[in-house]
Amino acid sequence: MSTHAARLAALREELARTTLDGFVVPLTDEHMSEYVGDYAKRLAWLTGFQGSAGTAVVLPADAAIFTDGRYTLQVRQQVSADDWQFVGVPATSVAGWLGAHAPRGGRIGYDPWLHTRGWVSEARAALAERGAELIPVETNPVDAVWPDRPAPSTATLVVHDDVRAGASSAQKRAQLGEWLSAQGADAVVLTALDSLAWLLNIRGRDVAHTPVALAYAIVSADGTVDLFVAPDKMTEAVRQHLGNAVRLHDRAAFSAALGGYAGRRIAADPERAVAAIFDALESGGATVIALRDPVVLAKATKNPVEIAGHRAASARDGAALARFLRWVEAEAPKGGLTELDCVVRLQAFREETGVLLDTSFDTISATGAHGASPHYRVDAASNAPLELGQLYLVDSGGQYADGTTDVTRVLPVGEPTAEMRDRFTRVLKGHIALATAQFPVGTTGGQLDVLARRPLWDIGLDYAHGTGHGVGAYLAVHEGPQRIAPPNYPGGGPAEPLRPGMIISNEPGYYKAGEYGIRIENLVLLEERTVDGGMMLGFETLTFCPIERSLIDPDLLSEGERDWLNHYHADVLAVLGPQMTGEALAWLEGKCAPI
């Protein structure tokens with residue numbers, strides 16, 4: 001029996017012991033995070049799946065794993081089809097599948113610290129149609145059968161200087177207090193880790209690639225905060241930074257504290273606060289107001305200091321990536337270069353900046369067929385050599401104190417085929433269409449998404465992921481509420497109007513299963529534009545790195561598209577050129593020559 005099959009069997013035994021007929025295992029943690037600490041990686045431990053979005057359901061005779069189109073190939077490579085059914089979302093929801101497969105009259109368990117109240121209501125209703133129940137558990141049964149489960153991180157908090165943040169924590173808390181007063185609320189519960197980090201101007205090291213700390217906060221209308229964090233994570237510098245307006249409590253005391261708000265009106269985010277928080281507040285006598293975390297929009301709308309910091313981070317990061325691409329171009333045709341070799345070398349180029357704090361996610365270093373999995377992550381078992389005739393895709397980013405970067409480029413190893421050049425150029429055309437878009441205030445990303453897909457749609461092709469995600473300011477590389485994607489795509493939620501100051505990715509792609517993948521990604525800034533006396537919005541490109549010329553078919557580009565590309569490469573040369581010398585500068589000049 002394989003390791004993961006044995007783990008599935010152990011979980012089934014535990015469920016039988018606790019009189020449960022099934023259990024739901026989401027990827028997230030008790031903060032509804034996308035990227036979680038090792039202690040919370042229950043889905044990966046149970047199934048082997050390494051993606052960043054997914055859920056598993058275990059029943060006595062059936063087991064299913066639910067993923068979206070980004071992971072269609074990856075989940076089949078990492079999870080055994082002998083033990084698991086593969087189910088695609090959003091076509092089939094977890095609740096809908098439970099309603100069709102749960103044992104009649106059965107008891108299906110869930111951890112109320114890992115699901116939203118909305119999900120609980122949906123699943124409960126679906127199960128009721130089969131006479132089955134949804135049962136909250138006090139102890140997660142996966143934890144009971146995970147003998148070497150890691151402990152939560154004990155890394156200490158660090159101060160994020162006001163000079164880099166662009167506003168003090170006191171200013172941010174005062175604005176939040178005004179919002180609470182306007183809502184008629186006494187306090188708000190903040191559970192999203194990046195919200196806490198932004199509001200308090202602190203950062204942490206509890207989650208790989210995302211500089212956040214495991215904590216909860218309850219912010220009162222007077223701007224004071226009750227912060228729940230493990231005591232050993234505090235330092236004297238952080239205590240002084242937080243000041244007397246932030247009262248410190250052990251993170252373990254958070255659940256009990258929720259019962260102390262009888263007669264008070266408490267705001268909580270139904271998308272980011274788990275069901276257990278709503279239950280504890282209501283059982284303690286509080287009136288819960290379901291409102292979006294007020295930090296979300298404030299955090300997404302970057303201030304001038306954060307924007308300037310991102311520009312600086314992008315300039316140095318672009319130079320590091322350009323040096324890497326030059327190295328790959330020289331070394332790959334010689335043979336012997338592998339995907340992991342590239343990960344290590346790119347990391348080294350970024351570290352040579354002297355200010356890299358982390359990568360912003362696990363580098364996607366994918367050659368050939370691996371590139372067709374949009375979120376492929378190389379490991380020792382999958383590590384493949386870059387071979388002639390392949391496309392090499394690298395999607396990566398850095399965490400710097402002044403900004404978070406995310407960029408994707410594609411290189412041919414040897415001579416690309418005509419089909420590769422056609423598909424690459426169509427992806428580029430979609431990228432340019434979005435980069436040059438001008439649109440009215442109030443437009444949502446979903447309304448713009450078609451611009452990036454149109455050149456592929458023209459020949460009957462598409463890609464199964466969104467076109468753009470928000471990016472934080474030395475925070476999460478995936479940040480809401482802004483996004484560019486059709487409304488029915490995973491992670492959609494309510495359509496959010498795009499606003500000046502938001503940073504978002506522009507990353508159309510194309511993937512041919514078994515052969516190659518293409519994605520061109522830059523980060524862009526939403527900016528205001530005055531047109532004939534009216535106000536419009538548009539994008540300023542923030543990422544600077546050459547787009548591979550040998551993969552472009554100039555005959556497919558319009559005059560306007562050529563002009564954009566040539567202007568973009570002129571900007572790349574202006575930004576990166578002063579950071580390069582000698583042969584590296586000559587290489588850059590060649591890559592940025594007009595087409």
- [ ] Could you tell me whether E122 and R117 have a side-chain N and a carboxylate O separated by less than 4.0 Å?
- [x] no
Open item on the list: Using the rule given for ring pair (Phe, Tyr, Trp, His ring centres under 6.0 Å), can you reason through Y71 versus F86, listing the C-alpha separation, both sets of side-chain angles and the distance that settles it, and then say yes or no?
Closed with: CA-CA 10 Å; Y71 303 105; F86 303 117; over 10 Å; no
- [ ] Assess whether side chain to side chain contact (heavy atoms under 4.5 Å, CB included) is satisfied between T3 and W45, documenting all intermediate values.
- [x] CA-CA 10 Å; T3 299; W45 178 84; over 6 Å; no
Task: Test item: side-chain donor near acceptor, Y376 and E339, under 3.5 Å - done: yes
Task: Test item: side-chain donor near acceptor, N506 and N522, under 3.5 Å - done: no
Open item on the list: Here's a test for you: under side-chain contact (heavy atoms from CB on, under 4.5 Å), which of H569, E561, R562 qualifies with L565?
Closed with: H569
Open item on the list: Strictly distance-based, threshold 3.5 Å: is any side-chain N or O of R292 a donor or acceptor partner for the main-chain N or O of P270?
Closed with: no
Open item on the list: Test side chain to side chain contact (heavy atoms under 4.5 Å, CB included) on V471 and E479; report intermediate values, then the result.
Closed with: CA-CA 5 Å; V471 176; E479 177 183 86; 5.7 Å; no
Task: Rounded distance (nearest 0.5 Å) linking atom CG of L411 with atom CG of L393 - done: 9.5 Å
Open item on the list: Let's go through R311 and E540 carefully: what are the C-alpha distance in whole Å and the side-chain angles of both, what is the deciding distance for salt bridge (charged side-chain N to carboxylate O under 4.0 Å, His left out) to 0.1 Å, and is it a yes or a no?
Closed with: CA-CA 11 Å; R311 288 194 178 105; E540 173 196 335; 2.8 Å; yes
Open item on the list: Can you classify the ring geometry of W97 versus F66 as parallel (below 30°), tilted (30 to 60°) or perpendicular (above 60°)?
Closed with: perpendicular
TODO: Go through the side-chain N and O atoms of H465 and E507 and say whether any donor and acceptor fall under 3.5 Å apart.
DONE: no
- [ ] Step by step, work out the side chain to side chain contact (heavy atoms under 4.5 Å, CB included) result for L8 and H4.
- [x] CA-CA 6 Å; L8 178 59; H4 291 103; over 6 Å; no
Task: R529 atom CZ, over 12 foreign heavy atoms within 6.0 Å - done: yes
- [ ] Measure up the F349 and W327 rings against each other and bin them: parallel (under 30°), tilted (30 to 60°), perpendicular (over 60°).
- [x] perpendicular
Task: Side chain to side chain, Y400 and Y474, heavy atoms closer than 4.5 Å - done: no
Task: Donor on one side chain, acceptor on other, T338 and D341, under 3.5 Å - done: yes
Open item on the list: Between H115 and Y110, is there a side-chain donor-acceptor contact under 3.5 Å, judged purely by atom types and distance?
Closed with: no
TODO: Flag the pair E527 and R499 as a salt bridge only when some basic side-chain nitrogen lies within less than 4.0 angstrom of an acidic carboxylate oxygen.
DONE: no
Task: Donor-acceptor pair between E419 and T417 side chains, under 3.5 angstrom - done: no
